[in-house]
2 protein chains.
Amino acid sequence: MNFYSPAQASQRSGFSLDTLRYYEKIGLLAGVARDSAGRRRFSDDDLTWLRLLRCLRDTGMPIAEMLRYTELARAGEHTAAERRALLEEHDRRVAEQIDLLSRQREHIQWKIGIYRELTAPAPAADPVSA
Amino acid sequence: MNFYSPAQASQRSGFSLDTLRYYEKIGLLAGVARDSAGRRRFSDDDLTWLRLLRCLRDTGMPIAEMLRYTELARAGEHTAAERRALLEEHDRRVAEQIDLLSRQREHIQWKIGIYRELTAPAPAADPVSA
DNA sequence: ATTTGACCTGGAGCGCGCTCCAGGTACCAG
DNA sequence: CTGGTACCTGGAGCGCGCTCCAGGTCAAAT
């Protein structure tokens, strides 16, 4: 069982110190241990949980929904099916998101193509070289 | 040369009426024609421009940067290289974004996999059926 | 003994991107 | 003439997700 200081947890999770405190405050992160001076000591489990939160945030899940998931997780094994459904739903949205980005990216690249023709030979990607 | 009412422009662009007015106010959309009563009449060119804005927004470009692009576009042909650079930069970010989403999606799917084993036979995707 | 630095708390503030509202105008239908 | 509807304006307000701040505690280093 390793323990991590707030600074280490921040670095490993990619959340800022303030965000870690905020997440604990709103209930996304519970039961973080404290040392005698009241300072947080994050466990490996905490970090694993943070990695999941990071994943959900990165993929655009709103905090309210992460909270829902968190509460289900805390409620016990019998909520597993619901948690699974929640993640599957989210996964579908992520797939759509990727799809939209890919399609819009084609539009961008088509536009870039127009500029490539317009700006002719293309003088390397260095605007200062001239 | 077709013209479109605000409602039509909204529907075709996917931006709300308020957003269209807002975009015009901040300068993302300029030179929209008006009828005798002062109502906007969007042209095909306006809609083409809106489609580009929609594309940039969907891919996460901040408004400040769209504004920059807009100003370059208005400044004339000689800014083409800079506009191209801007889009290429954005395209790279979009690629990264897609990449991140794809990687995080794997994490989600791995997690779903765990729930699949946990919740056993999987009773079709219908939480009400039981 | 004091300084430094990492951490604590509660609560205010912020940046973004809209979204809503009040109050008004112009046109069309009955 | 009366509604009704679609639009107009300027400006206030909002939801989200942090982020910052003031004022304080503790422990190790000098």
Side-chain angles (χ1 to χ4, degrees), chain A residues 3-43 46-47 49-50 52-71 90 93 97 100 104, chain B residues 3-43 46-47 49-50 52-71 90 93 97 100 104:
Chain A
F3 281 90
Y4 308 88
S5 70
Q8 287 171 322
S10 165
Q11 201 220 318
R12 282 166 185 257
S13 68
F15 292 115
S16 74
L17 289 174
D18 271 324
T19 299
L20 291 176
R21 290 194 271 257
Y22 170 67
Y23 279 7
E24 192 175 347
K25 180 151 57 180
I26 65 174
L28 276 183
L29 197 51
V32 177
R34 302 298 182 111
D35 70 8
S36 60
R39 293 187 238 113
R40 291 172 182 79
R41 299 284 95 156
F42 293 87
S43 68
D46 291 332
L47 287 203
W49 182 248
L50 283 172
L52 181 57
L53 293 183
R54 161 95 357 241
C55 167
L56 298 178
R57 279 305 292 139
D58 281 352
T59 49
M61 184 183 284
I63 282 185
E65 197 170 340
M66 299 200 297
L67 206 43
R68 169 96 183 115
Y69 180 81
T70 303
E71 280 157 4
H90 182 59
R93 286 192 306 251
Q97 210 187 144
L100 175 63
Q104 295 293 40
Chain B
F3 281 89
Y4 308 87
S5 69
Q8 286 171 323
S10 165
Q11 200 220 317
R12 283 168 185 254
S13 67
F15 292 116
S16 73
L17 289 175
D18 271 323
T19 298
L20 291 176
R21 289 194 270 256
Y22 170 66
Y23 280 7
E24 192 175 346
K25 179 151 57 181
I26 66 175
L28 277 183
L29 197 52
V32 177
R34 303 298 183 112
D35 69 11
S36 59
R39 290 187 240 114
R40 291 171 182 80
R41 298 285 93 158
F42 293 87
S43 69
D46 291 332
L47 288 203
W49 182 249
L50 284 172
L52 182 57
L53 293 182
R54 159 92 3 238
C55 169
L56 298 178
R57 278 306 290 140
D58 281 352
T59 50
M61 183 182 285
I63 283 185
E65 197 171 340
M66 298 201 297
L67 205 43
R68 170 96 183 115
Y69 180 81
T70 303
E71 280 157 6
H90 182 59
R93 287 191 307 252
Q97 208 186 146
L100 175 62
Q104 296 292 39

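All values derive from a computational prediction rather than experimental measurement. Side chains are part of it too, since the values below use all heavy atoms of this structure and drop only hydrogens, waters and symmetry mates.
- Nucleic acid contact for B:Arg34: sugar-phosphate only, since backbone atoms but no base atoms lie under 4.0 Å from a heavy atom of the residue.
- Looking at every heavy atom in both residues, B:Leu53 comes nearest to B:Met66 through O-SD, 4.0 Å.
- Spacing between atom OH of B:Tyr4 and atom P of D:dC7 amounts to 15 Å, rounded to whole angstrom units.
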Trace of the side chain to side chain contact (heavy atoms under 4.5 Å, CB included) decision for B:Asp46 with B:Ser43: CA-CA 5 Å; B:Asp46 291 332; B:Ser43 69; 3.3 Å; yes
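- At least one side-chain nitrogen or oxygen of B:Arg57 sits closer than 4.0 Å to the OP1 or OP2 atom of C:dC18.
- Nearest heavy atom pair, residue B:Gly14 against residue B:Arg54, reads O-NH2, 3.3 Å.
- Side chain of B:Ser16, nearest nucleotide from C:dT19, D:dC26, D:dC7: C:dT19.
- At whole-Å resolution of the value, CZ in B:Arg40 and C1' in D:dT9 are 9 Å apart.
- Atom CD1 in B:Ile26 sits about 16 Å away from atom C1' in D:dG10, given to the nearest Å.
- Of the candidates D:dC7, C:dC8, D:dC18, the closest approach to any side-chain atom of B:Pro6 belongs to D:dC7.
- Atom C1' of nucleotide C:dT9 and atom CG of A:Leu17 are separated by 14 Å, given to the nearest angstrom.
- At the phosphate of C:dG17, neither OP1 nor OP2 sits under 4.0 Å from any side-chain N or O atom of B:Tyr23.
- For A:Ala7 and B:Thr19, each mapped to the nucleotide of DNA chain C holding its nearest heavy atom, the one lying further toward the 5' end belongs to A:Ala7.
- Taking the six-membered ring where the residue is Trp, B:Tyr23 and B:Phe15 present perpendicular rings, their angle passing 60° and hence far from 30°.
- The phosphate of C:dA26 (OP1 or OP2) has no side-chain N or O of B:Ser36 nearer than 4.0 angstrom.
- Nearest nucleotide to the A:Tyr22 side chain, out of C:dG17, D:dC18, D:dG11: D:dC18.
- When distances run from any side-chain atom of A:Ile63 to the nucleotides C:dT9, D:dC18, D:dC8, the shortest one goes to D:dC18.
- If you take NZ of B:Lys25 and C1' of C:dG17, they are 12 Å apart, rounded to a whole angstrom.
- Atom CG of B:Asp58 is separated from atom P of C:dG17 by 13 Å (rounded to the nearest Å).
- Here the nucleotide nearest the side chain of A:Arg39, chosen from D:dT9, C:dC7, D:dC20, is C:dC7.
- Ranked by how close their nearest DNA chain D nucleotide is to the 5' end, A:Arg21 and B:Gln8 are led by B:Gln8.
- Between A:Asp35 atom CG and D:dT25 atom C1' there is a gap of 11 Å when expressed in whole angstrom units.
- Of all the heavy atoms in A:Arg57 and A:Met61, the pair that sits closest is NH1-O, 2.8 Å.
- Remark: P of C:dA12 and CG of A:Asp18 are 16 Å apart, rounded to the nearest angstrom.
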